[in-house]
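Step one of this worksheet: look at the structure below.
Every chain is numbered from 1, with letters handed out A, B, ... down the list of sequences. All values derive from a computational prediction rather than experimental measurement.
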There are 2 protein chains.
Amino acid sequence: MNYSTQYIAQQLKKSRENMGLSQRELSARAGVPQSHISKIESGNVDLRLSSLVAIARALELELALIPRKYVSAVNSIVGSAGSETSGQPPRPAYNLDGEE
Amino acid sequence: MNYSTQYIAQQLKKSRENMGLSQRELSARAGVPQSHISKIESGNVDLRLSSLVAIARALELELALIPRKYVSAVNSIVGSAGSETSGQPPRPAYNLDGEE
DNA sequence: TTAATTGATATGTCATAACGCATCAAAATG
DNA sequence: CATTTTGATGCGTTATGACATATCAATTAA
């Protein structure tokens, strides 16, 4: 599994955790078995686009193809946040980020 | 095939065309058979992440997961451009867009 | 301590992506 | 016109994603 794909997997995991969801909860929302989510997050599965999109949507994420030259600009917008859109419990919140 | 995936397929096709590449040329760059690229662009294949990334890279595109709330901001940056990064021939250029 | 939750793994089945290779009609090029 | 290029299809094979289901160790309540 190459870099980009590994990275995507990491992002999914981080987003899920930031939303305070368990793999089983995400499983229910995305319609993808928990066992599969586990494999995906651990990065040893070359998942299909449909699965990626299903999981992303459940995490309030959109998949996008960004022209290389705009990547840094996009990053500066999205910033380090990993979508804390709607936590279930209020959740700590002190993102004194060392992460991401 | 759902909306998002269809849309991704369209983006890949547009980007390829904007770069003035034939499916066979892209095939060579991305290491994906032309026959498969054709299927992908026509949107009737649920391609794997590795394939998507390989093709995207060959088109100078990066795959990204954008938090919903930043999507419009990102769109306003990326704009309607489909990566005209480096055309082989100068190529028309008059994007008096009705497209995209 | 006991009971629930969580993430990771295993097995077996099925669907299908991905491959190589070949072909073909239409469009572009000479 | 003849030739080349292009995108789309088809076929047989192989690899593997995705599924259901179950289990298990470790963590986190109760």
[N] phosphate, OP1 or OP2, under 4.0 Å from [X] side-chain N/O:
{"X": "His36(B)", "N": "dC19(C)", "value": "yes"}
{"X": "Ser35(B)", "N": "dG10(D)", "value": "no"}
{"X": "Arg48(A)", "N": "dA15(C)", "value": "no"}

Closest nucleotide among [options] to the [X] side chain:
{"X": "Gln23(A)", "options": "dG17(D), dA20(D), dG7(C)", "value": "dG7(C)"}
{"X": "Val32(B)", "options": "dG7(D), dA20(D), dC19(C)", "value": "dC19(C)"}
{"X": "Ser22(A)", "options": "dT6(C), dC19(D), dA8(D)", "value": "dT6(C)"}

Rounded to the Å, how far apart are [X] [atom1] and [N] [atom2]?
{"X": "Ile55(A)", "N": "dG17(D)", "atom1": "CD1", "atom2": "C1'", "value": "12 Å"}
{"X": "Lys13(B)", "N": "dG7(D)", "atom1": "NZ", "atom2": "C1'", "value": "8 Å"}
{"X": "Lys39(A)", "N": "dC19(D)", "atom1": "NZ", "atom2": "P", "value": "10 Å"}
{"X": "Leu26(B)", "N": "dT6(D)", "atom1": "CG", "atom2": "C1'", "value": "13 Å"}
{"X": "Leu12(A)", "N": "dG7(C)", "atom1": "CG", "atom2": "P", "value": "14 Å"}
{"X": "Arg24(B)", "N": "dT4(D)", "atom1": "CZ", "atom2": "C1'", "value": "11 Å"}
{"X": "Asn44(A)", "N": "dG17(D)", "atom1": "CG", "atom2": "P", "value": "9 Å"}
{"X": "Ile40(A)", "N": "dG17(D)", "atom1": "CD1", "atom2": "P", "value": "10 Å"}

Side chains of Ile66(B) and Leu63(A) in contact at under 4.5 Å (non-hydrogen atoms):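 Heavy-atom side-chain distance check fails, nothing below 4.5 Å.
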| query | Does any non-hydrogen side-chain atom of Arg16(B) lie less than 4.5 Å from one of Glu25(B)? | reply |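 Side chain of Glu25(B) against side chain of Arg16(B), heavy atoms only: no contact under 4.5 Å found.
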Notebook entry, point to check: What nucleic acid atoms does Ser38(A) come within less than 4.0 Å of, heavy atoms only: base, sugar-phosphate, or nothing?
Noted result: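 Contact class for Ser38(A): base.
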NA contact type, Ser42(A), heavy-atom cut-off 4.0 Å: base, sugar-phosphate, or nothing?
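Touches nothing.
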- prompt: Within the side chain of Ser38(B), is there an N or O that forms a donor-acceptor pair under 3.5 Å with the backbone of Gln34(B)?
  reply: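 Flag not set: sc Ser38(B) to bb Gln34(B) has no pair under 3.5 Å.
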Inset, instruction - Decide whether Gln10(A) and Glu41(A) meet the rule of one side-chain donor and one side-chain acceptor closer than 3.5 Å. - result: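 Judged by distance alone, the side chains do not pair up.
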**Prompt:** Considering only heavy atoms and no angle criterion, is a donor-acceptor pair shorter than 3.5 Å present between the side chain of Gln34(B) and the base of dA8(D)?
**Reply:**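 Under the 3.5 Å cut-off, the side chain and the base do form a donor-acceptor pair.
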Side-chain donor/acceptor pairs under 3.5 Å, residues 50-59 of chain B, sequence neighbours excluded:
{"residue": "Ser50(B)", "atom": "OG", "partner": "Asp46(A)", "partner atom": "OD1", "Å": "3.3"}
{"residue": "Ser50(B)", "atom": "OG", "partner": "Asp46(A)", "partner atom": "OD2", "Å": "2.4"}
{"residue": "Arg57(B)", "atom": "NH1", "partner": "Ser4(A)", "partner atom": "OG", "Å": "2.3"}

